[in-house]
Undergrad: 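My structure is below; once you've seen it, I'll send some questions.
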Amino acid sequence: EKEQKRRCFQIAQYLVAVIVGLAVLASAVVAKGSLLVLSTLSSPTSMRSPKEKQFYMLMLVFCLVCPNFLVFLKSLWRCAFKNFVQPNMKTMSFICAVECLVSLGTSVLVLVVMPQFDVLTNLFISGGVCIMSAILQIAFRLQKETWKIVFPLCSLTFTVAGYCLLGLDYHVRVTSFVDRQTSECYIYIGIGVFSSLLISLCWWENPLQATNRMQDTLSELDGFRDFVFVITSILRIIVIGGVYLVYHVLIQKSITWSDFNLNNADSELLQTGLVLLFLQAFCSAACHWFGVVACKIHAVRMSFALPVCCTGPTVLLLGLILFLTQAQKLGGADNGSITEFCESLAFLNHKNTSIVVLLEITRSICRTSLNRYSLNLFVLMFGVCMWLGFVTCTYYVWKIKVQRIERTSQLFVRRLYESAFIDLSLLLNTKMKVPRARNQESHDDMQSCVIYLCATMWHETYDEMLKILTSMFRLDRYRGDPKEEHKDCFDFECHIFVDDAFMTEKDAEKGTEKRLVNSYVNDLINVVVEVYRVFTNKEPDDVSIIEAPYGGRLMFVMPEGNMLYVHLKDKGLIRNKKRWSQIMYMYYLLGWKGYIVKNPQKITRQINPCRASLVSLDGEIFLLPQYDNDNKRKFISDDNTYILALDGDTDFQPKAVILTIIAQDCAACGRIHPTGMGPMVWYQKFEYAVGHWLQKTAEHVFGSVLCSPGCFSLFRGSALMDDNVLKRYTTTATRAAEYVQYDQGEDRWLCTLLLQQGWRVEYNAASDAYTNSPQEFKEFYNQRRRWGPSTLANTLDLLHSGAETVKRNSSISRLYILYQMFTVGSSILGPASVTLMIAGSAFQFIFKLAGTLSIIIASIPPVFYIIICFVAKPNIQITIAGIMSVLYAFLMTASFFSIIGVWYDYLLGYLLLTIYSLVNMHIVTWGTRESNKGEAVKKQHNILCDRNCKLCCWDMKIQVTQEKENLILQQITGQTVQQAAPVPNTTKEIPPEPISKPEPQAKVNTSKKKAVEAAKKPRTAKSKRRSSESSDTSSSSMCSSSSASDNDHKYDKNNFMIDDIDLTEELPVKDWVMPVKEEFLKKLTYANMKRNLQEQIRYTLRNRDYDDVCEELVLMLTDTLNGQLVGVGPEDVLTGSQLEELQYALTEQARRILKTSRMERLERRVKLAIEKTLTAPQVQKLDESENDFWIKLIERYLKPINDPKSHQEEVTRELKSLRNKAVFLYFIINVLWVVATFFLQAIGNDVISIKIPKYYPNGTQSDEFLKVEPVSLMFLLSFAVLLIVQFLAMLYHRVYTLIHVVSYRGTEKDYKERDNVSNSNLFFNENLCTTVSEALLY
């Protein structure tokens, strides 16, 4: 189904943006308002007592400390779980000095200056912190357009004017004796201006990054920024405390330490102060987080810039509304003029009013110049100037364009936010210039990347192949449908690598062997044709069959013009299995194609211009897609080249690919959903849920994912081509441990190599992919028999190189290595833990058995199964494991809680599966999808008839054979048999290629002698006319000239080319080519051709203006087709002469119809559609350079392994020795744990135990104690802590996954029907095609 944008998702996206914007505004208003209230309550002019004032001042100190403390914790966390480089002392000293100055300015402004001013002045004075940013913008000329320098100039002007108005306002207050204001205020004004200047140094990096200055220092700082934040956070806290102590203890001497001992009478004071502190600290942090979310979901203007800019006016408006509506409720206040009202407030205190905050805010407003008989608006003008100053300074925020789910470090200069100026901090901290790759539209990154979809197939069924092909065709429609426009644009190619694609057909009579494609390839061809029909209602247009040194290749052009390659691997020519297929496509796509695009002179010129361009389903012309994509890669770096690794049964939607590209760093995996039916599938769904919900999310949050599953994983090309990754990935296993690590879990080993080289693997839960899971117990056990030892081997390898990996990989820290050590230890102790759990929960708790006896009984089944695994064959082991699993399930579901039973069933599956995988570690076969379907078959020439028929409900097979020994019977029936007995694949004539489609690469059915004779034959007038028409069609790769002279020129040129081709020697092809070609020649049957022609015409003339002429063409051309093919069977393949005559007739009929309808301008397009319908599959050879590449690659890395029997026996002995060592180690560790628990049970709880008192429901303590073993308790607590940590990591990851999904929905493709197809574009493409064809010809 076509993925379309749903209206509900649009509404949800806008709703989320509105909610986030309101959250930003509300949290910023509350944070700013609570800070103003605290500064008002701690003011020396406040009506509060000295004890209350110093307590509120302390709350102000904590408000400044809180953001620094949070940054300290986050930076410490990242330093613990991430790696960082050694800091440069010079750079670090500079950063620490700047941070100390910023902290000094903040603490002086908030703790010293603001308590001296009124609430309105405090609201407006913070706008001056943008002054340094405006100065640097003017000095460095950061604006791309010259006229935009007006914004920082206006900002500087407004800020300076605001400070002047502030001075005038206080001069009016002093001269008018407003609230007994003294001239001492001028000192605080000066200190406030100086403090604002120091605070503005906080965002010094922003303009420097935008001007590319001090890049060495800034890039060096990025390496140890977290460590610097740890140090600077401590320094900032020290500076804040120092300013508080110096000013209030040494200078003002207003601190009485005994007043901090609060008693019950001070409960209201404590409650008010803590509530205001919590509101300010929590809301400022929430405002910062919601601001980041708004940018990530592409709502910068509506949900970030607008709410933040409106914070100051909103606070002012709410304050005035509160003053006008609630102030009159103050008991004892005079309700006259504002001057009389303010004078009456002096007689009020907190005893006769319950609204303490309202009283102080009202009292503070009365201290402004508004408290005059003549109205003075200096204070409001001061506020307007300061607000306009910081809005014009941060104008760039309104124009910033970010990528979806952009990283926070790419959006903001620094992680720290200033809680005292949360609105200005957010705007000034936003980067003026986002890195260039992400400074344009969100889809620009997508347009400049190439994705290679690489699926590996190994004996997939028809339905499984249908899934992966349908997914690829979905992506083709998503990417290139010309009727629809969408924002996510990228280039991609699909590659399918089929292992074991050939079989040997033996002819016993002739003693010959033929190498043919097997039934899996035939199924794949049928699937491609079926999916093509589903998407287009017609057969594949352009198919090429290519011989290759590794076997063969099928090349398809998908409906929208993207390429699909099917690589058929012959295990006799190239190494089999998935890892070698991955090496094959990595070297081919990243090495060979990457080399070719950087060396265009190496691209072999096309001899035949007809193959230089192709026609897509809509009839428009474009260059041959593979060369066109290679040309685009000239401008695409390896960093923007991706390989999407897929399995042959993966099902995914296009959005999964887009989301994975956006989220990934080096490699990324999506969320895998197992599909199928049955209990084993249910078990795996639960197992996958645990793995993705807890394990992978925890790995992603704490460090890096250890394994990116090969069924849906995206890898960056530059990461795969890194030193010691791809080269080491080609290592052939020679030792026992290498067989386990390299070949049993190739995906995990590749990720291990990437991690050891310093790359990061991520998990994206928003990208969903579906894959078939084993539905049989045997297949499931064989699959996990490969995965289990490989997982342990790769994890141990990573832990062994942990010290070196920590140095190279910034995502992996020593604490993360410790976390992985704990998880590995837990998995090693897993069998013993499950055994003890069974003993405690089932035997001891339910059946009331003694502890020691329960352990003995619970240990018998695992020991029994270990013995069975050593002495019995694998199939018997799996059968016994299935029986034991059922018995265990019945036992554990007898517990009181069914959910516990389900969890136990999972653990029990882990118990038996661990034993089976360890004991069978020496078996290194694949274990799944094993089949002899592709093995050699014997050809029987004596079969006269071989038919399958159905009689009622019985399927019957009938064979009629020839008796070879009875010579007399052969002589009697010889003539009859010779006439009646058809020999498969020998008597069927392969139709030659149509003349309009000559193929120079390989001539199969035309000999040199026949070509010469055909050239000497005289032509009739009609044949000359048809030949001229045909040559006119093929001369420029389906591009015709508009003039007769051009036609004659192209005719002569094409005649020369055809004669030259016909006189070339026949190029032999391999045995498998012709049977495959016959499958695609079914396109040229009467029944298929009729449907294909109708669909081609309808799609070519899909414009609504052409509906009438389109239907007329379909009707008349169908009649012409029926008339020309009278007597041709529906399943008969047309010959070359029939195709030539049919093409001429259809073209002439179409010309007459278009001339009658006065639509001559559509003649070329209709002609192209007719020619495309009659195009036959092509047989090609690889060009010499690519053929040489494959030969050298196979010789160096992919040559089939034919180890001697002695080496195989030696490897088997080593594998068994490794198995014995691993089983012994596992057994000893688990036995020691079980024995330790057994002896603790035997000794008794009275000797060694932790006594926990019991309480009755009424709260009284009983005389009994709950005795718990300390070892078991500590082990249980460690598991509980691990589970809680993983759960918290899952919640954290889920929140950002939700943001990820919302950001995708916000810029999802927007389909729009395109009614008009531009004729000018078509004319341009035709001329381009003609030019390219001529260039290639010469």
Side-chain angles (χ1 to χ4, degrees), residues 3 404-405 445-446 449 451-456 464 467-472 474-475 478-479 488 490 492 494 578 582 642-676 684-701 704-717 719-720 745-748 750-751 754-755 759-773 787 1289-1290 1292-1305 1308-1309:
E3 184 192 20
R404 291 178 302 200
I405 200 65
D445 281 351
M446 303 298 301
C449 77
I451 309 172
Y452 294 109
L453 279 71
C454 301
T456 54
E464 291 171 344
K467 290 182 178 181
I468 185 65
L469 264 302
T470 303
S471 300
M472 290 180 173
R474 279 197 210 107
L475 189 62
Y478 177 93
R479 165 61 181 88
D488 294 323
F490 52 91
F492 79 97
C494 297
K578 184 176 180 179
Q582 291 177 333
Y642 302 94
I643 285 183
L644 181 62
L646 302 167
D647 278 350
D649 58 356
T650 305
D651 184 15
F652 61 91
Q653 292 287 343
K655 68 174 184 180
V657 181
I658 306 302
L659 289 171
T660 307
I661 294 175
I662 296 171
Q664 71 97 38
D665 184 6
C666 145
C669 60
R671 183 179 177 184
I672 311 302
H673 300 266
T675 59
Q684 290 173 84
K685 286 184 177 181
F686 181 75
E687 182 187 33
Y688 272 71
V690 172
H692 287 86
W693 291 353
L694 295 178
Q695 297 171 5
K696 271 192 168 46
T697 53
E699 291 176 353
H700 174 91
V701 172
S704 174
V705 176
L706 298 188
C707 178
S708 184
C711 57
F712 188 83
S713 295
L714 191 76
F715 297 94
R716 192 183 293 271
L720 294 174
E746 65 286 333
D747 305 325
R748 185 171 285 271
L750 179 60
C751 292
L754 291 171
L755 293 175
W759 296 94
R760 172 178 165 83
V761 183
E762 299 186 348
Y763 167 61
N764 179 20
S767 300
D768 295 305
Y770 301 84
T771 183
N772 279 16
S773 58
W787 289 2
M1290 181 196 70
Y1292 177 84
H1293 189 268
R1294 283 293 178 269
V1295 171
Y1296 280 92
T1297 300
L1298 177 62
I1299 298 172
H1300 195 169
V1301 173
V1302 172
S1303 69
Y1304 172 74
R1305 294 295 177 186
E1308 188 179 338
K1309 65 185 185 306

Undergrad: Is there a side-chain contact (heavy atoms from CB on, under 4.5 Å) between I658 and Y478 once you walk through the steps?
TA: CA-CA 11 Å; I658 306 302; Y478 177 93; 3.9 Å; yes
Undergrad: To check you understand the geometry: which heavy-atom pair defines the closest contact between S708 and C751, and what is its length?
TA: N-SG, 3.1 Å
Undergrad: Nearest 0.5 angstrom please: I451 CD1 to I661 CD1, how far?
TA: 3.0 Å
Undergrad: Which heavy atom of G710 sits nearest to which heavy atom of K578, and what is that distance?
TA: CA-NZ, 3.8 Å
Undergrad: List the steps and the verdict of side-chain contact (heavy atoms from CB on, under 4.5 Å) for Q582 and D747.
TA: CA-CA 10 Å; Q582 291 177 333; D747 305 325; 3.4 Å; yes
Undergrad: How far apart are the C-alpha atoms of L706 and Q695, what are their side-chain angles, what is the distance that settles it, and do they pass the side-chain contact (heavy atoms from CB on, under 4.5 Å) test?
TA: CA-CA 10 Å; L706 298 188; Q695 297 171 5; over 6 Å; no
Undergrad: At their closest point, which heavy atom of H673 faces which heavy atom of R671, and how far apart are they?
TA: CD2-O, 3.5 Å
Undergrad: Look up atom CZ in R760 and atom CG in L754, then write down how far apart they are to the nearest 0.5 Å.
TA: 13.0 Å
Undergrad: When rounded to the nearest 0.5 angstrom, what distance separates CG in L714 from OH in Y452?
TA: 13.5 Å
Undergrad: Can you spot which of T660, T771, D768 makes a side-chain contact (heavy atoms from CB on, under 4.5 Å) with F712?
TA: T660
Undergrad: So K696 and M1290, do their side chains get closer than 4.5 Å, heavy atoms only?
TA: no
Undergrad: For the SG atom of C666 and the CZ atom of R716, what is their distance to the nearest 0.5 Å?
TA: 8.0 Å
Undergrad: Side chain to side chain donor-acceptor pair (under 3.5 Å) with N772: which of D647, T650, D649, T675?
TA: T675
Undergrad: Within the structure provided, determine whether E687 and S773 are in side-chain contact (heavy-atom separation under 4.5 Å).
TA: no
Undergrad: Taking atom SG of C669 and atom NE2 of H700, what is their separation to the nearest 0.5 Å?
TA: 9.5 Å
Undergrad: Search all heavy atoms of A455 against all heavy atoms of I468 and return the closest pair with its distance.
TA: CB-CG1, 4.1 Å
Undergrad: Using atom types as modelled and distance alone, determine if a side-chain donor or acceptor of S471 lies under 3.5 Å from a backbone N or O of F652.
TA: yes
Undergrad: Show your working on side-chain contact (heavy atoms from CB on, under 4.5 Å) between L644 and F492 and close with a plain yes or no.
TA: CA-CA 10 Å; L644 181 62; F492 79 97; over 6 Å; no
Undergrad: On a heavy-atom basis, which atom in Y688 and which in I672 lie closest, and how many Å separate them?
TA: CD2-O, 3.6 Å
Undergrad: Is D651 salt-bridged to R474, going by a charged N under 4.0 Å from an acidic O?
TA: yes
Undergrad: Locate the shortest heavy-atom distance separating E699 from V705; write the atom from each residue and the value.
TA: OE1-CA, 3.6 Å
Undergrad: Is the backbone N or O of Y763 less than 3.5 Å from a side-chain atom of H1293, with the two atoms forming a donor-acceptor pair by type?
TA: yes
Undergrad: Would you compute the distance between atom CD of Q653 and atom CG of L475 and round it to the nearest 0.5 angstrom?
TA: 10.5 Å
